[in-house]
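If you're wondering where the values come from, they're calculated on a predicted model, not measured in any experiment. Naming convention: chains lettered A, B, ... in sequence-line order (proteins, then strands); numbering from 1 in each chain.
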2 protein chains.
Amino acid sequence: MYSSHLLSSVGSAAIPTFGPPAEPLTLDIVFAGQPANKFAAGEGVFWEGDKSADIFQIIEGCLRLYRILPDGRRAIMGFRFAGETLGLSCEGTYCYTAEAVTSVRLRRLSRARLRAMGEEVRQLQPLLLAKIFEEIRAARQHIIVLGQLGAEERTAHFLVSAARRTGADQRRPVTIELPMTRQDIADYLGLTIETVCRVLSKLKRDGLVALEGRHKIILMRMTDLQHLAGEFDDADPHAPTYIQAKWPQ
Amino acid sequence: MYSSHLLSSVGSAAIPTFGPPAEPLTLDIVFAGQPANKFAAGEGVFWEGDKSADIFQIIEGCLRLYRILPDGRRAIMGFRFAGETLGLSCEGTYCYTAEAVTSVRLRRLSRARLRAMGEEVRQLQPLLLAKIFEEIRAARQHIIVLGQLGAEERTAHFLVSAARRTGADQRRPVTIELPMTRQDIADYLGLTIETVCRVLSKLKRDGLVALEGRHKIILMRMTDLQHLAGEFDDADPHAPTYIQAKWPQ
DNA sequence: CGGAAAATTGACTTACATCAAACTCAGTGG
DNA sequence: CCACTGAGTTTGATGTAAGTCAATTTTCCG
């Protein structure tokens, strides 16, 4: 109830003005006030085939999203970290299982409630649509990784995009947390656990990364890793686009 | 102009009633009245990176959608056939090149115009959203094919879903037209042309398919092919869902 | 510290890629 | 109409990246 209040006030302040509103609407605001849910590592949040009644925002922790094929193979479709959303691109039923990698806290919002908010607040629709387009972009990226790249390229790409997601300065060594297991990474990249290990060892031998325990990797030479990854990315969403504006066209 | 008229009348007839409107809105109606464009085989309709100003509906023919990686590899993201739409899931710039496989006729609609229609006609939004969700579903399917399946499984999956797209009765031999080259199929499945050929030859030897010239394949034993493909599909969109309703839950 | 799960490394196998040659077939022109 | 042509396809021989199987080692946690 009170979050609907919050939204109304943001909405009515923003609608009359054209251009960017004074306080931009974000999904943080949409989820604000929803109670937080906790999940222990290994617990499931929802299962493939469940009616997709809710969407989620992760407060902290990491989730893996996967499907199990009839013969038991597991295809990991992606990972989600703190601040990211979950379930938006599933209409009707969830198309994958979501399982906590670490212990996870998240907020839940029913689709019914989301729809009601959408009626009230005009800014919401394009915001959700942007998230959906982002998912399509990521899926297409993944298709190229799996269809065209070799084991080393795939792994490099995984590391580089993980680093990018942290938002850290990409020009100096980036330390990334990889809470998932090697098996998870393998199932995500369409490789075996042994191949992932061997590739990581090779990258270490070549001085491109440093391994710090199981779940921490330091990317020592980003540009080399990016080069290895194929550099076929779409425009980097985090790139400072204003640099172009500095120069006369 | 006159197509906007058409839409207005459909819209105002449909909005007052709840439930399904008398004449369901389809994209055919949205595109009706747009002039038809022709493209010869091999011609490009738009290029990756172009500003995605328009969306398209194919009247007849077949298109391939692809991206070229920096080192020259070509990743085919999909094919589009008569009746299907194109460009909806690209915001800002097109994320792939669209090229005519056969000679193609299609209708073009500017996004500006589409947006204007959206304001006028309420039914349009969910219709477009459904198309976008369908694209996500297809992309996820493709991820599993490329990440988890072997060459024979991939090829079988390609054939089975091509057959499904024709809408033909899946219980008896289905003849499908494959206007694209073997190289196209290979680039779509993340294989080489030789592997695609060998797999097709093997399927023929095993009596699962019959090859009729270069561009026609008859799927002789659908259930075996489906089994080979892994049968991991989401709910078949063509499946008669009402069967469930017949039985008490 | 002890034990179990996860990760790493090595030896061997295999599915697919690569390279190379032959075949098919749709068009074209004599 | 038929030989010629060249692109597209098929088949075969061989190479290689990644998978499989089997130890070992590391790491984490009680």
Considering every strand and a 4.0 Å limit on heavy-atom distances, what is the contact class for [X]: base, sugar-phosphate, or nothing?
| X | answer |
| --- | --- |
| Leu200(B) | nothing |
| Gly150(A) | sugar-phosphate |
| Thr192(B) | base |
| Arg214(A) | base |

Q) Counting only side-chain N and O atoms of Thr181(B), is one of them less than 4.0 Å from OP1 or OP2 of dG8(D)? A) no
Could you check how far [atom1] of [X] sits from [atom2] of [N], rounded to whole Å?
| X | N | atom1 | atom2 | answer |
| --- | --- | --- | --- | --- |
| Gln148(A) | dA17(D) | CD | C1' | 16 Å |
| Asp187(A) | dG19(D) | CG | P | 11 Å |
| Leu191(A) | dA15(C) | CG | C1' | 15 Å |

Q) Under 3.5 Å, is there an N or O donor on one side and an acceptor on the other linking the side chain of Glu194(B) and the base of dC16(C)? A) no
Q) Does Arg198(B) get its side chain close enough to the base of dT18(C), under 3.5 Å, for a donor-acceptor pair? A) yes
Q. Where each residue is assigned the nucleotide of DNA chain D containing its nearest heavy atom, which of Arg154(A) and Arg205(B) is assigned the position nearer the 5′ end?
A. Arg205(B)
Q: Write down the atom of Arg182(A), the atom of Arg214(A), and the distance for their closest heavy-atom approach.
A: NH1-O, 3.0 Å
Q) Where the side chain of Ser201(B) is defined as all heavy atoms beyond and including C-beta, which of dT8(C), dC16(C), dT10(D) is the nearest nucleotide? A) dT10(D)
**Q.** Options dA18(D), dA17(C), dT10(D), nucleotide nearest the side-chain atoms of Thr195(B)
**A.** dA17(C)
Q. When Thr155(A) is tested against each of Ile185(A), Val145(A), Leu149(A), Leu191(A) for side-chain contact (heavy atoms from CB on, under 4.5 Å), which residue passes?
A. Leu191(A)
Q) Does anything in residues 166-211 of chain A pair up under ring-ring contact (aromatic ring centres under 6.0 Å, His included), and if so which pairs, sequence neighbours excluded? A) Phe79(A)-Tyr188(A), His142(A)-Tyr188(A), Phe158(A)-Tyr188(A)
Q.
So that I can tick it off, tell me whether Glu134(A) and Arg165(A) are bridged by a salt bridge, with the cut-off set at under 4.0 angstrom between side-chain N and carboxylate O.
A. no
